[in-house]
2 protein chains.
Amino acid sequence: MKNIFSFNYKTFGKMPDVFINVIKTSPLFIGASEKEIYSMLACLGSFAGKYEKNEAIFHANENITNVGLVLSGSLYLEREDYWGNRSLLLRVEKGELFGEIYACEPLLSTNISAISAEETVVLFMDVQRITTLCTSNCIYHSQLIHNLLSVLAKKAYMLTCKINHITKRTTRNKLLSYFSEQALLAGSSEFMIPFNRQELADFLSVNRSAMSAELSRMQSEGIITFCKNHIKLQKVDNPL
Amino acid sequence: MKNIFSFNYKTFGKMPDVFINVIKTSPLFIGASEKEIYSMLACLGSFAGKYEKNEAIFHANENITNVGLVLSGSLYLEREDYWGNRSLLLRVEKGELFGEIYACEPLLSTNISAISAEETVVLFMDVQRITTLCTSNCIYHSQLIHNLLSVLAKKAYMLTCKINHITKRTTRNKLLSYFSEQALLAGSSEFMIPFNRQELADFLSVNRSAMSAELSRMQSEGIITFCKNHIKLQKVDNPL
DNA sequence: AAAGATCTGTTGCAAATATAACAAAAGGTG
DNA sequence: CACCTTTTGTTATATTTGCAACAGATCTTT
């Protein structure tokens, strides 16, 4: 990790515009003015770090107190078990938060690792300063708490959605469950998935080659068509 | 559902002591005085409902605005798929909250149902009145928000723990993952589980009879001993 | 363009699982 | 106690998955 900038009253405003625009549209600061954002960043002791591909942003069992906001790039929240089987919990994209579970409840032992999927810049914030009233006069403070609640609720919701996928008993039904969610999100029967085959298999916790074979069967049966990461669901009577 | 009492300035203090004691130790009100609790309950438009066994407290796709607190009994958060396969997300015990995900983010469509596991009394509270500043003078208000954040973070944590169990590739490893978590929680190699066999299978999303057979194999191999819901992990070199 | 690395699809086989059917055990009720 | 219901364990079989190995495709690097 390479520390690229931090915020206090001296460095106020030293952040590139592309990053500010990400922060403005992030779920934590949505609706806040640029001035409010700078004020909050200083208040939250923010600093940013740059990571190469496949670098660990935090490890399982590490003590996390900062929430992370992806300013550019993307990362995986993942876990490796005793035998080295990787299980991919979530992919975190630009503009999204991660580590908020552990940052809000520092007593919880981290049970996952955060690994950069590409070159990635992360903004860290001390979330404890959000939940305890800050001494400086943050007009945006109560809104921030409200947004943090919203972020946590949505994260928990995403986790229950993921559980709904992987509790399906066959690889085909796991795939269809995930694909139909993605189609709903995209508002179209055609969509791109943010995973390659190995990552998708790790996300649905099935074997890659078995999943690849199942994808081919589904295509030959006319249930789906796919080309690399582009998936198209065909209309069939009862896919699920 | 049978409505048993609600709270406003008139009904102040009409709640049985056993229920007040549950509320006092609940994660939402922990540390609050009885007076503060009554004040908050009125502020949150609370009311309580009584449910028979196997009654639906809310259905999937229902719009949820209230968070629920189990005053007595217990319930399951579960989901049934197209073919009727039940998937048991979580068991919610006396003193625990449920529905907080949907109550905090009412735009999220409910993807699970809440079903009482036995005769159960639930206290409902309008959580939106927590996150927006209430007009009455609630001294405990900011503490309540802090507690709600904590509850959501812990719920998300529990969900990631559950994902860690069910992403294991074999029934044996799912069982061992769950059992070792329970042993850690109990602080002992012997512990009780809150599920019967069918419920445990639904929780780990495996077939009941296949799981039953696996439990027997594990016992015959000396990995565990069990009698009904009482499980004992044996010390072996490399159980996981 | 050539060489190397990575990703993807395919196949056969061993291992694990789902399913159904049944019997024994446990619990509840009159 | 007898009867009924629910829960649990057992078994056989068909289905599904994991695994390993390989070849073709795609992407990177020099």
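Convention: sequence-line order gives letters A, B, ...; per-chain numbering from 1.
One N or O donor and one acceptor, one from the side chain of Ser209(B) and one from the base of dA20(C), sit under 3.5 Å apart.
Looking only at side-chain heavy atoms (C-beta outward), Asn63(A) and Thr110(A) stay at 4.5 Å or farther from each other.
Within 4.0 Å (heavy atoms only), Thr170(B) reaches sugar-phosphate atoms of the nucleic acid but no base atom. Within 4.0 Å of Asn207(A), counting heavy atoms only, lies at least one base atom of the nucleic acid. Among the protein residues, Ser212(A) comes within range of the nucleic acid bases, having at least one heavy atom under 4.0 Å from a base atom.
Ile231(A) places its CD1 atom 11 Å from the P atom of dT8(C), with the value rounded to the nearest Å. Distance, Asn196(A) CG to dA5(C) P: 19 Å, rounded to whole Å. One interatomic measurement links the two molecules: CG of Leu200(A) to C1' of dC7(C), which rounds to 14 Å at whole-angstrom precision. Spacing between atom CD of Gln219(A) and atom P of dT10(C) amounts to 9 Å, rounded to whole angstrom units. Computed from coordinates, the Met211(B) CE to dT7(D) C1' distance equals 12 Å when rounded to whole Å. Protein atom CZ of Arg169(A) is 14 Å distant from nucleotide atom C1' of dT15(D), rounded to whole Å. Across the protein-nucleic acid pair, Leu204(B) atom CG and dA16(C) atom C1' stand 16 Å apart, rounded to whole Å. In this structure, Glu118(B) places its CD atom 17 Å from C1' of dT6(D), rounding to the nearest Å.
Distance from the side chain of Ala210(B) is smallest for dT17(C) among the nucleotides dT17(C), dG9(D), dT8(C). Ranking dC7(C), dA21(C), dT17(D) by closeness to the Arg208(B) side chain, first place goes to dA21(C). Out of dA18(C), dT8(D), dG18(D), the shortest distance to the side chain of Asn229(B) is found at dT8(D).
A side-chain donor-acceptor contact under 3.5 Å links Ser113(B) to the backbone of Ala60(B).
Using a 3.5 Å distance cut-off with no hydrogens or angles, the side chains of Ser150(B) and Glu105(A) do pair a donor with an acceptor. Using modelled atom types, one finds no donor on one side chain facing an acceptor on the other under 3.5 Å when comparing Glu52(A) with Ser116(A).
Remark: Arg197(B) is in phosphate contact with dG9(D), judged by side-chain N or O atoms under 4.0 Å from OP1 or OP2. When the side-chain nitrogen and oxygen atoms of Ser216(A) are compared with OP1 and OP2 of dG9(C), none of them lie within a distance under 4.0 Å.
When each of Ala213(B) and Lys228(A) is assigned the nucleotide of DNA chain D bearing its nearest heavy atom, the one mapping closer to the 5' terminus is Ala213(B).
The aromatic rings of Tyr102(B) and Tyr157(A) stand perpendicular to each other, their planes meeting at an angle above 60°, with 30° marking the opposite boundary.
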